[in-house]
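Contents: one structure, followed by commentary.
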Amino acid sequence: MPELPEVETIRRTLAEQVIGKNIVKVEVTCDRIIQRISPAEFAAKLAGQTIRKMERFGKYLFFVLDEFTLISHLRMEGKYYVLPALAPAGKYEHVKFSFSDGSSLRYEDMRKFGTMELVLPGTERTTKGLCAMGLEPFDEGFTVAYLKEKIQKSHSPIKSLLLDQKNVVGLGNIYVNEVLFQSRIHPETTGSALKETDYAHLIEYCRSVLKDAIEFGGTTIRSYYSGLGVSGNFQDRLLVHRKKGEPCPRCKTAIEKIAVGGRGTYFCPKCQKKEA
DNA sequence: AAGGGTGTTGAAAG
DNA sequence: GCTTTCAACACCCT
C-alpha cells in the first residue's frame with residue numbers, strides 16, 4: 001500500500017502502536033527483504049533496541065531506534081500488523097518483531113518486493129537510494145522554479161517524470177493520475193512542452209491531492225479486510241484512476257486508459273488535451 | 001486457461 | 001548521459 005498518503009497513514013498508526021516498545025526477538029523468513037547484511041545479523045542488531053520514533057520520507061518508513069534506524073519500503077504489497085506475539089503467522093508473513101510486552105509487529109508481503117535496511121541514525125538520507133531523491137511536495141522548496149529546473153529539458157512524458165522519485169518523492173501511479181487530471185495536463189505531454197501555468201497547477205495539485213488523501217487515510221485497493229492492517233477511504237474520492245469508460249466528473253466524456261512508461265494511465269481526453 | 005495487469009523501483013539495455 | 005524496458009513475485013481478471 002505504498003504511496004505517500006498510505007505510508008503517512010501507516011506511520012501515524014504505527015506511532016500509536018509501537019513507540020516505546022522493546023524488541024526482544026526478530027525472526028526473518030524471507031532473506032531477500034533484508035538488504036546488505038544477513039538476516040541473522042539484522043536480527044542480532046535489533047535485539048534489545050527500543051522504538052523511539054516513527055518517521056517518513058517519500059514512500060520510505062523509518063523506525064528510529066536507540067542505535068539504528070530501520071528503513072522500510074513497502075513497494076507494492078508490504079503491510080504491517082500489530083498482533084499478540086503468540087498469534088499465528090499469516091501466509092505471507094516474512095518478518096516478525098517480538099516485543100517485551102507480549103505483543104509483536106508482523107511484516108507481510110505477498111510479492112516479497114519490500115525492503116528493510118539498518119543504518120546509523122542521522123545517516124538515513126545519505127544511504128544509497130535515498131541520497132538522490134527529490135523534495136517532498138510539502139517542502140517549501142517545492143516550487144515552480146524547482147520543478148522547472150528538474151524537468152523542463154526532459155523529453156519524457158510528465159506522467160513518468162512525476163513518478164520519478166528523483167524529481168519529487170511520494171507520488172505513485174494513483175496520485176499521478178489524479179494530479180494530472182486536476183492540473184488538466186495530458187499524461188504524455190513532455191517536460192519540455194509544459195507551460196508556465198502547467199507548472200503552477202502541478203505544484204498546487206500535487207499538494208492538495210496528497211493532503212486530501214492523507215486526510216482520508218489513503219487509498220485502499222485490493223486489500224484484505226482483516227481489520228488489522230491499515231485501510232483508508234480515498235478510493236471513494238478518486239476521479240480518474242481505474243475509471244476507464246466512466247464519465248469524467250468535470251465534462252462527462254468517457255475516461256480513457258492508455259499505457260505510459262508501461263504503467264496504466266487514466267485521463268479525460270477532453271479535459272486533458274495533448275500540448276504538442 | 002494462458003497471458004496481461006497490478007498502490008514500485010533499480011539494473012540493464014538501447 | 002538520458003530514456004525505456006524488464007525482472008523481482010504472487011495473485012486476479014479476462
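Quick note on labels: first sequence line is chain A, next is B, and so on, each numbered from 1. Reckoned from all heavy atoms, side chains included, excluding hydrogens, waters and symmetry mates.
Rounded to whole Å, the distance from CZ on A:Phe57 to P on B:dT8 is 16 Å. Here the P atom of nucleotide B:dT9 and the CG atom of A:Leu162 are 13 Å apart, to the nearest Å. Atom pair A:Met76:CE and B:dT8:P shows a separation of 6 Å (rounding to whole Å applied).
Aromatic ring centres of A:His241 and A:Tyr266: separated by under 6.0 Å.
For A:Lys159 and A:Thr265, the side-chain atoms include at least one donor-acceptor pair closer than 3.5 Å.
No hydrogens or angles were tested; on distance alone, nothing pairs the side chain of A:Arg111 with the base of B:dT8 as donor and acceptor under 3.5 Å.
Listed nucleotides B:dT9, B:dG7, B:dT6 differ in distance to A:Tyr266; the shortest reach to its side chain belongs to B:dT6. Here C:dC11 is the nucleotide among C:dC11, B:dT8, B:dT9 with the atom lying nearest to any side-chain atom of A:Lys91. Listed nucleotides: C:dT4, B:dG5, B:dG7. Nearest to the side chain of A:Lys257: B:dG5. Relative to the side chain of A:Arg32, the nucleotides B:dT9, B:dG7, C:dC9 differ in distance, and C:dC9 lies closest. Among the nucleotides C:dA8, B:dG7, B:dG10, the one closest to the side chain of A:Phe113 is C:dA8.
Note on A:Phe234: nothing from the nucleic acid sits closer than 4.0 angstrom, heavy atoms only. Residue-level contact check: A:Ser154 touches the backbone only, with heavy atoms under 4.0 Å from sugar-phosphate atoms and none from bases. Nucleic acid contact class of A:Lys166 (heavy atoms, under 4.0 Å, all strands): none. Within the nucleic acid shown, A:Gly218 has no heavy atom closer than 4.0 Å to any nucleic acid atom.
The side-chain tip of A:Arg125 points at the ring of A:Phe57 from less than 6.0 angstrom away and within 45° of straight on.
Ring orientation note: the planes of A:Tyr60 and A:His73 are nearly perpendicular, at an angle over 60° on the 30°/60° scale. Classification of the A:Phe63-A:Tyr80 ring pair by plane angle, with boundaries at 30° and 60°, yields perpendicular.
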According to the Watson-Crick and G-U wobble definition with distances under 3.5 Å, which dot-bracket string, read 5' to 3', encodes DNA chain B, using [ ] for crossing pairs and | for pairs with another strand? .|||||.|||||||
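A distance-only check finds a donor-acceptor pair linking the side chain of A:Glu3 to the backbone of A:Ile174 [under 3.5 Å]. Proximity of a side-chain donor or acceptor of A:Asp109 to a complementary backbone N or O of A:Tyr92 within less than 3.5 Å is not detected.
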